[in-house]
Visitor: 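If you scroll down you'll find the structure; I have some questions about it.
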Amino acid sequence: MAKYLLLKHYRGAPTAVNDVPMDRWTPEEISAHVQYMNDFAARLEQSGEFVDGQALAPEGAWVRYDGEGRPPVTDGPFAETKDLIAGWMVIDVDSYERAVELAGELSAAPGAAGKPIHEWLEVRPFLAASPTITECPHR
């Protein structure tokens with residue numbers, strides 16, 4: 001089994017087929033979308049493939065240590081995850097192919113007019129082991 005992170009984006013991904021922003025959906029459309037997500041997660045819980053998932057609130061801040069006596073919170077002029085990432089789900093599946101299959105199914109959650117969104121989801125594998133210093137991209 002391997003863990004994968006499925007990321008749902010507000011923007012930054014290729015345009016969805018049913019590209020109507022959620023703030024223009026009716027309450028019934030939002031309820032149907034959330035129900036689809038909950039039903040999808042429940043089915044994966046039964047198969048043992050669901051690990052966790054959450055929708056994210058738009059609030060957030062970049063945080064870093066900025067030196068002794070300086071405030072630690074910064075919010076710079078760059079694309080921020082609070083503007084980009086709508087939510088996530090962690091799955092634990094037998095193969096990359098299964099992760100892609102589930103992401104494809106999840107992208108069909110209903111949106112405006114009850115039609116599937118066909119949104120793009122980012123599929124990211126968890127590292128199986130910590131990278132060595134020579135493999136680490138941040139060095």
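Computed from heavy atoms alone, side chains included, the values below leave out hydrogens, waters and symmetry copies.
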Visitor: Take a 6.0 Å sphere around OH of Tyr96 and say whether it holds more than 12 heavy atoms from other residues, nucleotides or ligands.
Guide: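 Atom OH in Tyr96 is not crowded, with 12 or fewer foreign heavy atoms closer than 6.0 Å.
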Visitor: Would you say that Met1 contacts Asp94 through its side chain, given a criterion of any heavy-atom pair below 4.5 Å between the two side chains?
Guide: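 Touching, per the 4.5 Å side-chain cut-off.
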Visitor: Can you give me the closest heavy-atom contact between Phe50 and Ala41, atom names plus distance?
Guide: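 Taking every non-hydrogen atom into account, CE1-CB, 3.6 Å.
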Visitor: To the closest 0.5 Å, what do you measure between CD1 (Ile91) and CD (Glu101)?
Guide: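 With rounding to 0.5 Å, CD1 (Ile91) is 9.5 Å from CD (Glu101).
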Visitor: So do Met37 and Leu106 actually touch side chain to side chain, heavy atoms under 4.5 Å?
Guide: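 Side chain of Leu106 against side chain of Met37, heavy atoms only: contact under 4.5 Å found.
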Visitor: Could you tell me whether the side chain of Val34 reaches within less than 4.5 Å of the side chain of Asn38, counting heavy atoms only?
Guide: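 In short, these two side chains touch, coming nearer than 4.5 Å.
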Visitor: Would you name the heavy atoms of Leu6 and Ala99 that are closest together and state the gap between them?
Guide: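 Smallest heavy-atom distance, with atoms named: CD2-O, 4.4 Å.
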Visitor: Under the side-chain contact (heavy atoms from CB on, under 4.5 Å) test, which residues partner Glu97, sequence neighbours left out?
Guide: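 Counting only residues at least two positions away or on another chain, Glu97 forms a side-chain contact (heavy atoms from CB on, under 4.5 Å) with Ser95.
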Visitor: What's the verdict on side-chain contact (heavy atoms from CB on, under 4.5 Å) for Lys8 and Leu56, showing C-alpha distance, side-chain angles and the deciding distance?
Guide: CA-CA 10 Å; Lys8 292 176 65 67; Leu56 298 174; over 6 Å; no
Visitor: Quick one: list whatever passes side-chain contact (heavy atoms from CB on, under 4.5 Å) with Asp52, sequence neighbours left out.
Guide: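 Asp52 satisfies side-chain contact (heavy atoms from CB on, under 4.5 Å) with Gln54, Trp88 only.
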Visitor: How close do Ala112 and Asn18 get, heavy atom to heavy atom, and via which atoms?
Guide: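 Ala112 and Asn18 have their closest heavy atoms at O-ND2, 3.0 Å.
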Visitor: Would you name the heavy atoms of Ile117 and His33 that are closest together and state the gap between them?
Guide: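 Smallest interatomic distance, heavy atoms only, reads CD1-CE1, 3.5 Å.
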Visitor: Could you tell me which non-hydrogen atom of Val123 sits nearest to which non-hydrogen atom of Tyr4, and how far apart they are?
Guide: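 Heavy-atom minimum between the residues: CG1-CD2, 3.8 Å.
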Visitor: May I ask whether Phe126 and Leu7 are part of the same hydrophobic cluster, defined by side-chain heavy atoms of I, L, V, M, F, W, Y residues being less than 4.5 angstrom apart, directly or through others?
Guide: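 Linked within one cluster.
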Visitor: Sequence neighbours left out, what passes side-chain contact (heavy atoms from CB on, under 4.5 Å) with Pro27? Give chain and number order.
Guide: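 Per chain and number, Pro27 pairs via side-chain contact (heavy atoms from CB on, under 4.5 Å) with no residue.
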Visitor: Grab the two heavy atoms, one from Leu44 and one from Met89, that are nearest each other, plus how far apart they are.
Guide: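 Result for this residue pair: CD1-SD, 4.2 Å.
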Visitor: Could you walk me through whether Arg98 and Glu49 pass the side-chain contact (heavy atoms from CB on, under 4.5 Å) test, one step at a time?
Guide: CA-CA 10 Å; Arg98 177 66 175 153; Glu49 296 173 306; 2.9 Å; yes
Visitor: Is the shortest heavy-atom distance from the side chain of Leu102 to the side chain of Val93 under 4.5 Å?
Guide: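 Side chain of Leu102 against side chain of Val93, heavy atoms only: contact under 4.5 Å found.
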Visitor: Applying the 4.5 Å side-chain criterion to the ILVMFWY set and letting contacts propagate, would Ile30 and Val20 be lumped into a single cluster?
Guide: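 Same cluster: Ile30 reaches Val20 through Ile, Leu, Val, Met, Phe, Trp or Tyr contacts under 4.5 Å.
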Visitor: Salt-bridge test for Arg43 and Glu105: reply yes if a basic N is under 4.0 Å from a carboxylate O, no otherwise.
Guide: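 Yes, this pair counts.
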